[in-house]
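The next block holds one structure in the form of structure tokens; read it before the comments.
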Amino acid sequence: RVRRVKLRQLLLLLLRALAIVLFAVAMGRPALTGSLRAGGRAPSTTCLVLDTSYSMAAARHGEPAFTAARQRAVEVLDLLGQGDEAYLITVADRAESFTPYAVQDLGLVREHLTSLEASYRAGDMHEGLALAARLVRVSHNLNKEIYVVSDLQRSAWSGLVDSTAARLDLPRDAAVCLVGLGEERVDNLSIDDVRAERDQVSGQGTSLEIVLSNHTDRDQKGVPVTAY
């Protein structure tokens, strides 16, 4: 019985050692099996999905979130090399690609990035990711990457859990990376309606009825509203 237990322990030890070896081999092998270009790295198609919804104008660490978002997008472009190509998609209430085709002139994409500002519209990240999926799917490059730069406001991402929305259908061979803007939370409230009514009795004075919407995941109380 003792001999049987020792044999079992030895087999378990060998299996664990084998698992470690196989894991090391798997991590050490090339991630791509296609032909490589000069320099040993396969060309990449990168799709930048940039959130330009109104909440991106909110201040974070003393500056608009969109300023940090543009910098994150530039940092992603800096990772690309010769032969790589990129799309730039901006997402507010609709998604738009800077060009209908991937461009290798990354300087052109950087220049366009510097001219962008946050919009005054709500965001729909589902549409942005769906467009990115369509563009990346037609690429013949071995590396396909989608980088999403967003402040992660719930209102812009609600379409991803909407049962009536079209299927996202991201390509299985595409890597998706979510680029955040830090841990600071920004309260996202919106004014949806303003109604002014004059006092019907005296004919003087006006009362305002303001309808607010809370797009955050926590209750908001005592929110100050100033009318000019």
Donor-acceptor pair, side chain of Asp84 and main chain of Pro43, under 3.5 angstrom: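 Not confirmed, Asp84 side chain does not pair with Pro43 backbone.
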If only atom types and distance count, is the side chain of Asp151 paired as donor or acceptor with the main-chain N or O of Ala65 below 3.5 Å?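 No; zero donor-acceptor contacts below 3.5 Å.
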Candidates Leu50, Val49, Asp51, Val179 - the one meeting side-chain contact (heavy atoms from CB on, under 4.5 Å) with Ser150: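 By the side-chain contact (heavy atoms from CB on, under 4.5 Å) criterion, Ser150 pairs with just one of Leu50, Val49, Asp51, Val179: Asp51.
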Under the side chain to side chain donor-acceptor pair (under 3.5 Å) test, residues paired with [X] that sit two or more places apart:
X	value
Ser119	none
Arg134	none
Thr46	Glu145

Identify the heavy atoms of [X] and [Y] that sit nearest to each other, and give their distance.
X	Y	value
Ser53	Ala118	O-CB, 3.9 Å
Ala133	Ile146	N-CD1, 4.4 Å
Ala73	Leu48	O-CD1, 3.7 Å
Leu106	Ala86	CD2-CB, 3.9 Å
Arg70	Thr114	NH1-O, 4.0 Å

Linking I/L/V/M/F/W/Y whenever any side-chain heavy atoms sit under 4.5 Å apart, do Leu116 and Tyr54 land together?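 Leu116 does not cluster with Tyr54.
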Hydrophobic clustering (ILVMFWY, side-chain heavy atoms < 4.5 Å, transitive) - are Met125 and Tyr120 grouped together?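 The answer is no; the residues belong to distinct hydrophobic clusters.
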Pairs involving residues 74-118, ordered by first then second residue, that meet ring-ring contact (aromatic ring centres under 6.0 Å, His included) (sequence neighbours left out):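 For residues 74-118, and leaving out neighbouring residues, the ring-ring contact (aromatic ring centres under 6.0 Å, His included) pairs sorted by first residue read Phe98-His112.
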Could you list the residues that satisfy side chain to side chain contact (heavy atoms under 4.5 Å, CB included) with Ser139, not counting sequence neighbours?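 So Ser139 forms a side chain to side chain contact (heavy atoms under 4.5 Å, CB included) with Thr45, Glu85, Asn141, Lys144.
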With sequence neighbours left out, what residues match Glu75 under side chain to side chain contact (heavy atoms under 4.5 Å, CB included)?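 Per chain and number, Glu75 pairs via side chain to side chain contact (heavy atoms under 4.5 Å, CB included) with Gln71, Arg72.
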For Tyr147, check ring-ring contact (aromatic ring centres under 6.0 Å, His included) against everything at least two apart and list the hits.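 With sequence neighbours excluded, Tyr147 shows a ring-ring contact (aromatic ring centres under 6.0 Å, His included) to no residue whatsoever.
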Yes or no on salt bridge (charged side-chain N to carboxylate O under 4.0 Å, His left out) for Asp78 and Arg110, after CA distance, side-chain angles and deciding distance? CA-CA 10 Å; Asp78 290 343; Arg110 288 189 183 92; 3.0 Å; yes
Within 6.0 angstrom of Arg121 CZ, more than 12 heavy atoms from elsewhere: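 No, CZ of Arg121 has 12 or fewer neighbouring heavy atoms, counting only those of other groups under 6.0 Å.
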Would you tabulate the side-chain donor-acceptor contacts of residues 89-97 under 3.5 Å, counting partners in other chains and residues two or more places apart, or write 'none'?
from  : atom 1 : to    : atom 2 : distance (Å)
Arg94 : NE     : Glu96 : OE2    : 3.2
Arg94 : NH2    : Glu96 : OE2    : 3.2
Ser97 : OG     : Thr99 : O      : 2.5

